[in-house]
Amino acid sequence: MSELRIYNTLSREKEVFQPLNAPHVGMYVCGPTLYSFAHLGNCRTFMSFDVVFRYLKHLGYKVRYVRNITDVGHLESDGDVGEDKIAKRARLEKLEPMEVVQLYAVDFHKVLDDFNLLPPSIEPSASGHVIEQIEMTKKIIENGLAYEVDGTVWFDVEKFAKTYPYTELSGRKLDELLEGTRDNLEGQSEKRGRLDFALWKKAKPEHIMRWPSPWGEGFPGWHIECSAMSSKYLGEQFDIHGGGMDLIPTHHTNEIAQSVACCKKSPAKIWMHTNMLTVNGQKMSKSLGNSFLPEELFEGRHALLERGYSPMVVRFFMLQAHYRSTLDFSNAALQASEKGFQRLMNAVKLIADLKTSATSSFHFEKIKTEVYDALNDDFNTPVAIAALFEGVRIINSINDAKDTITAADKEQVQKLFSEIVFDVLGLKQETTGHSDKVSGLMNLILDLRKDVRTKKDFAASDKIRDELLKVGIQVKDGKEGVTWTSN
RNA sequence: GGUCGGGUGGCCGAGUGGUUAGGCAGAGCUCUGCAAAAGCUCGUACAGCGGUUCAAAUCCGCUCCCGACCUCCA
């Protein structure tokens, strides 16, 4: 079987995955800032890493997956001028900051649960690690790479860049960043270099969230939390650090700088970045106002949607694109995925009842190899799914007695589909949740319909079928009897 | 403006120097009382223009178009 290879943003190529301390794997993913509801684009990133988490576990690794919660320190604008996002929200809604965080945390977890994401091993919050962030900041000052001005501590990027390739992750040129004209230092705060960012911010009198520190009352900067928490739970060096692509140039670049400045070590071996979800070719984002809330999608409450789509259909839709490609969101694409998802799941259901033969008329190993080769190739879920569909065709064909399968192969197929579809891709059969009453009614109706069909009263029979279809119940007359599905 | 990424059949979306992506939609056939489901067959796509090569959609150059980042953003 092929080796797992992962695309590393640092090297810009796929590298064979070799954990620092096999079988243990440490993975850190930048989580949400809880100042609003998570939209679908946010969900895509966490879903991508959910598959990474699941696949690594499937391969037998003992994964510690840390995904943080940002509940303090994330500013509206750049490190100088903005207001803390959560503090602002709290002020506007007249809530305690922790109330704001709680509201969106509950929603966030519910949504990810709807999408069948596994919870991370540890979900640390920034506000719960202020001490660690202060300690790290102190160390960076000791190492001469940060300075305090009037209660605020700044990271000295230009000094750091003399001994370390500050822009290694983004591939930008430092000179060009320094030359940038979009803002200048005039009229701005006390920081020395235009790229310098805050490790600790002095709290203004009206600021609600504040902690004591060696530099007076204040709160931690946005980037330092991830450096502090990743090193606390995964060590100074760990295997995988992930997040959305938009975090590369600032957040992740600064994270590396902080960790190196503090511990002299680059924190992660592999940096993984997911691409954006787009709507009509444009990035889905809150500021552009084109974002979808998962709830709106499930219920079809959105101008761009003709109707709702279930969480598993959406999950399947997202897995049909590679995590490093943009994925364009549209009604038609969702519809296509819905059909495909149903086809896949129907086939999975069929496996258990397949009749076995003395020989198999297909090569199971070929499908299995294709699936694993795909997943090993930087978690290529769309190709893995394509290989599974080859299996779907065969399963259906066996069910139609046009192909054959041995008992041993059937067991293998069952195992492969169960492990890949459910455990790795994280899909699940969506229970239609009929009550006993509905089932009883359906049995009665179909029984009556059977009677009229025996009498060749097809008009009556078809009327029953057509009327049921109108309320969303589809009747299928198979060779083995009548089945029905409800949506 | 700078940096980076991309333009694939009706739609979504993989891949890549020579061999099938896959899903959805469409056409035909089989099965069926008819439907549905399922199976089989079919469309022969890679923005444009040059170049390299025995061979390019895949490499190189130019042009056009789109996007991301450079400001908070997964």
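Computation of the quantities below employed the complete heavy-atom set of this structure, encompassing side-chain atoms and omitting hydrogens, waters and symmetry-equivalent molecules. Residue numbers begin at 1 in each chain, while the letters A, B, ... track the order of the sequences.
- Between the CD1 atom of A:Ile473 and the C1' atom of B:A37 there is a distance of 17 Å, given to the nearest Å.
- Checked against ring-ring contact (aromatic ring centres under 6.0 Å, His included), A:Phe115 has the following partners two or more places apart in sequence or in another chain: A:Phe298.
- Applying the 90° cutoff around 0 to the glycosidic angle, B:G43 is assigned syn.
- In this structure, A:Leu288 atom CG and B:C72 atom P are separated by 15 Å, rounded to whole Å.
- Regarding A:Leu277, its CG atom lies at a distance of 14 Å from the C1' atom of B:A68, rounded to whole Å.
- The local environment of NE2 in A:His302 is crowded, with over 12 non-hydrogen atoms from other residues, nucleotides or ligands closer than 6.0 Å.
- Side chain of A:Asp246, nearest nucleotide from B:C70, B:C69, B:C40: B:C69.
- Using a 4.0 Å heavy-atom cutoff across all strands shown, A:Asp403 reaches no nucleic acid atom at all.
- Of the residues A:Tyr65, A:Phe108, A:Phe53, the one that meets the ring-ring contact (aromatic ring centres under 6.0 Å, His included) test with A:Phe46 is A:Phe108.
- Contacts of A:His273 with the nucleic acid, taken as non-hydrogen atoms under 4.0 Å apart, are absent.
- The side chain of A:Asn275 places no N or O atom within less than 4.0 Å of a non-bridging phosphate oxygen (OP1 or OP2) of B:A68.
- Secondary-structure annotation of RNA chain B gives the stems B:1-7 with B:64-70, B:10-12 with B:22-24, B:26-30 with B:38-42, B:47-51 with B:59-63, with a stem taken as at least 3 successive Watson-Crick or G-U pairs whose two distances both fall under 3.5 Å.
- Closest to the A:Thr250 side chain, of the nucleotides B:C70, B:G33, B:A68, is B:C70.
- Looking at which nucleotide of RNA chain B each of A:Met276 and A:Lys402 is closest to, the 5′-most match is held by A:Lys402.
- Per the geometry, CZ belonging to A:Arg393 stands 17 Å off C1' belonging to B:A37, to the nearest Å.
- Spacing between atom CZ of A:Phe362 and atom P of B:C40 amounts to 14 Å, rounded to whole angstrom units.
- Taking only side-chain atoms of A:Val383, from C-beta outward, the nucleotide of B:A14, B:A74, B:C12 with the closest atom is B:A14.
- For A:Tyr104, the ring-ring contact (aromatic ring centres under 6.0 Å, His included) partners two or more places apart in sequence, or in a different chain, are A:Phe37.
- Take the nearest nucleotide of RNA chain B for A:His322 and for A:His251: the residue whose nucleotide is more 5' is A:His322.
- For the C1' atoms, the distance from B:A25 to B:G43 is 12 Å, rounded to whole Å.
- In the interface, the side chain of A:Arg172 is not paired with the base of B:C70 through any donor and acceptor atom under 3.5 Å apart.
- Rounded to a whole angstrom, the distance from the C1' atom of B:A47 to that of B:U41 is 31 Å.
- Contact annotation: A:Ser325 reaches the phosphate of B:A14 (side-chain N/O to OP1 or OP2, under 4.0 Å).
- Scanning for side chain to side chain contact (heavy atoms under 4.5 Å, CB included) contacts around A:Ser418 gives A:Phe422, with sequence neighbours left out.
- Residue A:Leu327 is in sugar-phosphate contact alone, with no base atom involved, counting any heavy-atom pair closer than 4.0 Å across all strands shown.
- Each salt bridge (charged side-chain N to carboxylate O under 4.0 Å, His left out) pair with one or both residues in residues 386-399 of chain A, not counting sequence neighbours, appears once here: A:Glu390-A:Arg393.
- When the C1' atom is used for both B:G13 and B:G6, the distance is 14 Å, rounded to whole Å.
- Not counting sequence neighbours, A:His322 has no partner by the ring-ring contact (aromatic ring centres under 6.0 Å, His included) test.
- OP1 and OP2 of B:A38 both lie 4.0 Å or more from every side-chain N or O belonging to A:Asn396.
- B:G22 sits 23 Å from B:G17 when the C1' atoms are compared, rounded to a whole Å.
- Every residue meeting the side chain to side chain contact (heavy atoms under 4.5 Å, CB included) condition with A:Thr483, not counting sequence neighbours, appears here in chain and number order: A:Lys476.
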Might you list the N or O atoms of the protein lying below 3.5 Å from N or O atoms in nucleotides 34-36 of chain B, with each pair's distance?
from, atom 1, to, atom 2, distance (Å)
B:C34, O2, A:Arg465, NH2, 2.6
B:C34, N3, A:Arg465, NH1, 2.8
B:C34, N3, A:Arg465, NH2, 3.2
B:C34, N4, A:Arg465, NH1, 3.4
B:C34, N4, A:Asp477, OD2, 3.2
B:A35, N6, A:Asp477, N, 3.4
B:A35, N6, A:Asp477, O, 2.9
B:A35, N1, A:Asp477, N, 3.1
B:A35, N3, A:Arg465, NH1, 2.9
B:A36, O2', A:Gln474, OE1, 3.1
B:A36, O2', A:Gln474, NE2, 3.2

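- Distance noted for atom P between B:C49 and B:G67: 24 Å (whole Å).
- With P as the reference atom, B:U8 and B:C42 are 25 Å apart, rounded to whole Å.
- Using a 4.0 Å heavy-atom distance criterion, A:Gly41 is classed as a base contact.
- A:Asp378 places its CG atom 12 Å from the P atom of B:A14, with the value rounded to the nearest Å.
- Counting only residues at least two apart or on different chains, the ring pair (Phe, Tyr, Trp, His ring centres under 6.0 Å) pairs with a member in residues 334-353 of chain A are A:Phe316-A:Phe341.
- With sequence neighbours excluded, the residues forming a ring-ring contact (aromatic ring centres under 6.0 Å, His included) with A:Tyr372 are A:His58, listed by chain and number.
- Nucleotides B:C12 and B:G28 place their C1' atoms 25 Å apart, quoted to the nearest Å.
- The pair A:Asp114-A:Lys110 meets the salt-bridge criterion, since a charged nitrogen lies less than 4.0 angstrom from a carboxylate oxygen.
- With respect to A:Arg465 and A:Asp477, a salt bridge is recorded, a charged nitrogen being found less than 4.0 Å from a carboxylate O.
- In this structure, A:Glu206 places its CD atom where more than 12 heavy-atom neighbours from other residues, nucleotides or ligands lie under 6.0 Å away.
- Regarding A:Ile86, its CD1 atom lies at a distance of 16 Å from the P atom of B:C72, rounded to whole Å.
- Atom-to-atom, CD1 of A:Ile69 to P of B:A74 comes out at 12 Å; the value is rounded to the nearest Å.
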Please tabulate, one pair per line, all N/O donor-acceptor pairs under 3.5 Å involving side-chain atoms of residues 456-463 of chain A, not counting sequence neighbours.
from, atom 1, to, atom 2, distance (Å)
A:Asp457, OD1, A:Ala460, N, 3.2
A:Ser461, OG, A:Arg449, NE, 3.2
A:Ser461, OG, A:Arg449, NH2, 3.4

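- Taking the C1' atom of each, B:G7 and B:U58 are spaced 14 Å apart, rounded to whole Å.
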Look for any protein N or O under 3.5 Å of an N or O in nucleotides 22-24 of chain B and output each such pair with its distance, or none.
from, atom 1, to, atom 2, distance (Å)
B:G23, OP1, A:Arg343, NH1, 3.3
B:G23, O2', A:Ala336, O, 3.4

